[in-house]
Amino acid sequence: MSLKQQQYINGKWVGSIAGNTRDIINPFNQEVIATVPEGDESDAKVAIAAARAAFDKGEWSSTPASERGTIVWKIAELIERDKEELARLESLDTGKTIEESRGDMDDIAGVFRYYAELADKDGGELIDSPVANSISRVVREPVGVCGQITPWNYPLLQASWKLAPALATGNTLIMKPSEITPLTTIKVFELMEEAGVPAGVANLVLGAGNTVGSELSSNMDVDLISFTGGLFTGKKIMQAASSNVKKLALELGGKNPNIIFADADFETAVDQALNGVFFHAGQICSAGTRLIVEESIHDEFVNALVERVKKFKLGSGFDEKTQMGPLISAEHLAKVEKYVETGIKEGATLAVGGSRPEDPELQKGFFYLPTIFTNCTTDMKIVQEEAFGPVMTVEKFRKEEEAVELANDSIYGLAGAVWTNDIVKAERCVAKMRMGTVWINDFNLYFPHAPWGGFKQSGIGRELGRLGIEEYTETKHIFQNLKPQPINWF
Ligand code: NAD
C-alpha cells in the first residue's frame, strides 16, 4: 500500500508524539491491513495550534474565494483519478462491497465539486439602511478553526461533507476520523496536499474519541466542532463544546420509519424496504429500520420480505456476487446480537435471521444474518434504539393518523418515507412527519444540493446544500457612515 499511514500536521507527515500505534483490522477476515499512529491529546493540541496559527495569519481566508474553489475542485479531480485505490481502501477498511465504495467515491468527488462551485458565489448583500449617506452590508466570513469528527460507517463520505465546505469558505481545520476506519481519510489528506491546500490549513490527527476527540471538543482555540456519530457521544461533545461556546454541528443517529400503505406499488415497496434497511448491513444513520405497514397487506408484505432476505448473499466486499458484507467490528457485532436477544425477550416475533451465519467461509468475519422482527410495538427497545445493524422491526397500522403517530414516536427525527400512489395522502403524512428528510416513494436518496440533518435528537444544523456552507461561516453586518456628524447628546 502506498499510503503514508501517518498523521498530517502543519504540512508534515508525522507519527504520534507518544509513539503509539493502532492496527487497522479488515472486518471480513480480521487481518491487519495497516498500522497507523495513535495520537492523543498532545497530538491534538499541536494540530490545533497549527490550525489556529494558520487561521490567524489569514492567508487562506484572504485567498480569493475563486482560488480556494479551484483547489477544492482539484481535490475532486484527484479523487476521481485515484478512485479505484480509494474504493479498495474503503472496502478493506469497512467490509462494504467494492461496488458501493466506488459509488461513494463518485458521490464524494461530487461533494467537493459542489462546494468548489459555491466558493465564490456569495459576495455578501447590501441591505437598506435607515440612515442617510450610509452603506449597510452583510458579509459571511469563515468561522475560524474547525474540529471535525467522523464515524466509521461512511468514513470518507462523512469526511467530505465537512472538509469541502470548510475549505471552500476559508476555515482551517483538524479532522479526526473514526479510529477504526482512518485509511481513506489519510489518503484524501495526501490528495489535499497535492491539490495545494497550504500547510496548517487542514490537519489530520488519528486516535480515539476520548483523547483526540474530547480535546478537539473542549479546546479553547477551536471555534466550531462538527460531529457525525452516535447520540451518546454527541451529548458529551455538546457539553465539552460549552467551554468556549463553540459553534456546534451535530449529525447524530436515527431510527427511521418507512410507512407502507396498501395502495403502494407492492413490488417496488418490498424491494426498496429491503434496500432501505439492509444496504451496508444496516449501518446507515438513515436506514429504514422501522417498517410501518398497513394491516390489510401486512402478512403478504412480510412474507415477500422474508422470502427475499433468505436469498441474500453475504460475503467479501470484493466478491461481485456479495450483496451484504460484515459488520464493522467484534464489539459492534456483539451489540447487534444483544439487541436481537432483547427483541426476543420483549416478545417480538423473529420472522427471519436472528443469528450469525453458519457458512464456514464467513466465520472469521463479523457477519450477522439479516433479521426481521414482526409483532413489534413502539414501547420496545428494538423499535426505539439504534441497533445500527441488519435488523428490521415491523409494526402494523389501520388508519393514516396512526401510521404518522407511530412514525413520530421516537426521540430521533433524521429521515423517513411514505409509500403510496395517493399523492394527496402522501403530502398529508409528510406535512406531519418530524424528520429532516422525508422521501415519497423512495428511500435513502441524498445528493450534494439537498440539506441533510435531523429534527429532535438526531442533531443540530445541516450538512450539504447551501446550508452546509452556512455552518462554516459567521455573518457580519458592516455599517459605514459616509457623512459622520457629531451627535451632541453629551
Ligand atoms: P460514535 O459516536 O461512537 O463515534 C463517532 C466518532 O466520535 C468517532 O470518531 C469517535 O472516535 C468519536 N468519539 C467517541 N467518543 C468521543 C468523545 N467523548 N469526544 C469526541 N469524540 C468522540 O459513532 P460511530 O459508532 O462511529 O458511528 C455510528 C453512529 O453515527 C450511529 O449512531 C449513526 O446513526 C451515526 N451517524 C449519523 C449520521 C448522520 O448523518 N446523522 C451519519 C453517519 C453516522
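Because only heavy atoms are used, hydrogens play no part in the values below, and waters and symmetry mates are left out as well, while side chains stay in. We count ligands from 1, going down the list as the structure has it; atoms in each ligand are counted the same way.
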Practice item. Assess the pair Tyr115 and Trp73: is the distance between their ring centroids shorter than 6.0 Å? Key: no
**Study point:** Audit row: Glu85, Lys187, salt bridge (charged side-chain N to carboxylate O under 4.0 Å, His left out) steps and yes/no
**Key:** CA-CA 9 Å; Glu85 185 189 350; Lys187 175 74 193 167; 3.3 Å; yes
Practice item. Check whether any side-chain heavy atom of Gln363 lies under 4.5 Å from a side-chain heavy atom of Arg356, and answer yes or no. Key: no
Exercise for review: May I ask you to check whether Arg290 and Thr393 show a side-chain donor-acceptor distance below 3.5 Å?
Suggested key: no
**Study point:** Closest approach of Asn275 to Asn444 (non-hydrogen atoms, all atoms of both residues)
**Key:** O-ND2, 4.4 Å
Review point. ring-ring contact (aromatic ring centres under 6.0 Å, His included) with Phe301: which residues, sequence neighbours excluded?
Key: Phe266
Point to revise | Those protein residues which place at least one heavy atom below 4.0 Å from ligand 1 | key: Ile149, Thr150, Pro151, Trp152, Asn153, Gln158, Lys176, Pro177, Ser178, Glu179, Gly209, Gly213, Ser214, Ser217, Phe227, Thr228, Gly229, Gly230, Thr233, Lys236, Ile237, Glu251, Leu252, Gly253, Cys285, Glu386, Phe388, Leu414, Trp452
